[in-house]
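Here the structure is laid out as structure tokens; the discussion comes afterwards.
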Protein chains: 2
Amino acid sequence: MKISSHCADNRKGLADTELAVRLAALSHPARIEILRHLARADSCCCGEVVGRLDLAQSTVSQHLKILVSAGLVRFKADGQRSRYAIDRPALRAVAEELACFASACCVDC
Amino acid sequence: MKISSHCADNRKGLADTELAVRLAALSHPARIEILRHLARADSCCCGEVVGRLDLAQSTVSQHLKILVSAGLVRFKADGQRSRYAIDRPALRAVAEELACFASACCVDC
DNA sequence: AATTTTCATCGTATATCGACGATAAACGAT
DNA sequence: ATCGTTTATCGTCGATATACGATGAAAATT
């Protein structure tokens with residue numbers, strides 16, 4: 001397997017910005033905790049998350065929105081609830097992107 | 001190999017905060033670009049980085065400081081220059097931490 | 001000693017983040 | 001229709017982040 005074959009398209013400019021955005025979404029303790037919780041429960045409504053986080057409902061809603069817009073969490077309306085589910089492939093993708101960057105495998109692509 | 005054996009101590013609270021801090025250092029395009037450049041050159045002085053980034057010298061200096069304080073870059077005075085070098089093991093460690101988190105390997109530790 | 005080079009720091013301006021309470025909107029139940 | 005529940009959004013605030021130019025400090029050069 002060629003090293004570059006598992007490296008995302010990395011013609012710069014855009015790539016760095018997008019990676020940065022995704023890592024930014026992950027760079028807050030509350031959002032990490034939310035993801036951890038979603039990983040356990042597979043799917044949660046906002047209220048469930050609020051019940052665990054010692055943060056106001058509006059704040060949790062904001063964090064969830066950030067995670068959704070970063071593509072790490074999926075949203076689905078469910079009656080008066082909102083179901084949030086972790087997007088495992090997306091999370092893995094970010095981790096792989098960072099791993100690729102870290103091992104300097106993308107030096108020449 | 002037990003799954004938990006390569007998972008960092010994760011008794012919560014602190015762990016999430018620390019991961020968040022490291023990811024925050026990585027979540028800026030300029031800093032990603034700086035790391036990429038350091039990875040190629042192995043060691044750079046501030047001016048070299050400034051020459052490539054289209055940012056003011058003071059701004060670059062700030063970003064370098066953030067990377068150093070996050071432990072991702074090492075600093076060494078060298079005459080009137082400042083040598084900055086990427087800390088590959090540290091970078092790998094962050095990537096592994098995120099990978100561990102992503103694969104939900106730390107659910108029960 | 002004076003000058004130049006290199007870099008860090010200071011001060012400042014602006015933008016974004018993270019938190020909250022209050023409110024609105026949507027839905028289910030009565 | 002009304003009420004309670006659930007969630008999103010708005011407005012606001014303090015704090016932090018990001019950028020810059022100007023200044024200062026240290027080392028090399030003249």
Side-chain angles (χ1 to χ4, degrees), chain A residues 13 16-38 41 43-86, chain B residues 13-14 16-38 41-86:
Chain A
D16 284 359
T17 301
E18 288 179 12
L19 178 56
V21 166
R22 291 174 215 177
L23 292 177
L26 284 163
S27 68
H28 192 287
R31 291 194 288 270
I32 292 180
E33 180 60 21
I34 289 174
L35 285 174
R36 205 189 298 281
H37 181 56
L38 288 180
S43 168
C44 284
C45 64
C46 180
E48 290 179 83
V49 180
V50 172
R52 309 206 174 226
L53 278 217
D54 207 38
L55 284 174
Q57 178 269 328
S58 57
T59 304
V60 171
S61 187
Q62 276 188 354
H63 282 306
L64 285 168
K65 185 179 184 178
I66 289 171
L67 287 169
V68 169
S69 69
L72 299 175
V73 165
R74 287 187 306 261
F75 165 83
K76 187 162 179 289
D78 174 24
Q80 80 191 123
R81 308 290 181 90
S82 293
R83 308 299 310 181
Y84 289 98
I86 194 169
Chain B
L14 261 195
D16 284 359
T17 302
E18 288 179 13
L19 177 55
V21 166
R22 292 175 214 176
L23 292 177
L26 284 164
S27 67
H28 192 287
R31 291 194 288 271
I32 292 180
E33 180 60 22
I34 289 174
L35 285 174
R36 205 188 297 281
H37 182 56
L38 288 180
D42 208 64
S43 168
C44 284
C45 64
C46 180
E48 291 179 82
V49 180
V50 172
R52 308 203 174 229
L53 279 217
D54 207 39
L55 284 174
Q57 177 269 327
S58 58
T59 304
V60 171
S61 186
Q62 277 187 354
H63 282 306
L64 285 168
K65 185 179 183 178
I66 289 170
L67 288 170
V68 169
S69 69
L72 298 175
V73 165
R74 286 187 307 262
F75 165 82
K76 187 164 180 287
D78 175 24
Q80 80 191 122
R81 308 291 181 89
S82 293
R83 308 298 310 180
Y84 290 97
I86 195 169

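This structure is a prediction, so every number in the text was calculated from the model and none was measured. Below, chains carry the letters A, B, ... as their sequence lines are ordered, and counting in each starts from 1.
Atom CG in B/Asp78 sits about 13 Å away from atom C1' in D/dA26, given to the nearest Å. Distance A/Leu64 CG to C/dG18 C1': 14 Å, rounded to the nearest Å. A straight line from NE2 of B/His63 to P of C/dA8 spans 13 Å, rounded to a whole angstrom. The interatomic distance linking B/Phe75 (CZ) with D/dA26 (P) rounds to 13 Å, in whole Å. Separating the CD1 atom of B/Ile34 from the P atom of D/dT18 is a distance of 11 Å, rounded to the nearest angstrom. Straight-line distance from the CG atom of B/Leu26 to the P atom of D/dA17: 15 Å, rounded to whole Å. If you take NE2 of B/His28 and P of D/dT18, they are 5 Å apart, rounded to a whole angstrom. C/dT4 atom C1' lies 12 Å from atom CZ of B/Arg81, rounded to whole Å.
Closest to the side chain of B/Gln80, from the set C/dA8, D/dA26, D/dT7, is D/dA26.
Side chain of B/Arg22 to main chain of B/Leu72: no donor-acceptor pair is present (N/O by atom type, distance under 3.5 Å, no hydrogens or angles).
Here A/Arg83 lies out of heavy-atom contact (under 4.0 Å) with every strand.
Legend: residues meeting ring pair (Phe, Tyr, Trp, His ring centres under 6.0 Å) with B/His28, ordered by chain and number and at least two apart, are B/His63. Judged as a side-chain hydrogen bond (donor to acceptor under 3.5 Å, both in side chains), and not counting sequence neighbours, the contacts of A/Ser43 are A/Arg83. Under the side-chain hydrogen bond (donor to acceptor under 3.5 Å, both in side chains) criterion, B/Ser58 pairs with no residue at all, not counting sequence neighbours. Applying the salt bridge (charged side-chain N to carboxylate O under 4.0 Å, His left out) test to A/Arg74 and every residue at least two apart in sequence or in another chain returns A/Asp87.
Taking a 4.0 Å limit (strictly below) on heavy-atom distances, residues 48-62 of chain B reaches DNA chain C at B/Gln57, B/Ser58, B/Ser61.
Side-chain nitrogen and oxygen atoms of A/Arg31 include at least one within less than 4.0 Å of the OP1 or OP2 phosphate oxygen of C/dG18. Under 4.0 angstrom from either OP1 or OP2 of C/dC7 there lies no side-chain N or O belonging to B/Lys65.
When side chains are defined from C-beta on, B/Cys46 counts as touching B/Val60, because their heavy atoms get closer than 4.5 Å. The side-chain heavy atoms of A/Leu26 and A/Leu35, taken from C-beta on, include a pair separated by under 4.5 Å. Residues A/Gln62 and A/Lys65 are not in side-chain contact: their nearest non-hydrogen atoms beyond the backbone lie 4.5 Å or more apart.
Minimum heavy-atom separation, B/Leu67 to B/Ile34: CD1-CG2, 3.8 Å.
Where the helix from C/dA1-D/dT30 to C/dT30-D/dA1 starts and where it ends, the local axes point in directions that differ by 10°; five pairs per end, rounded to 10°.
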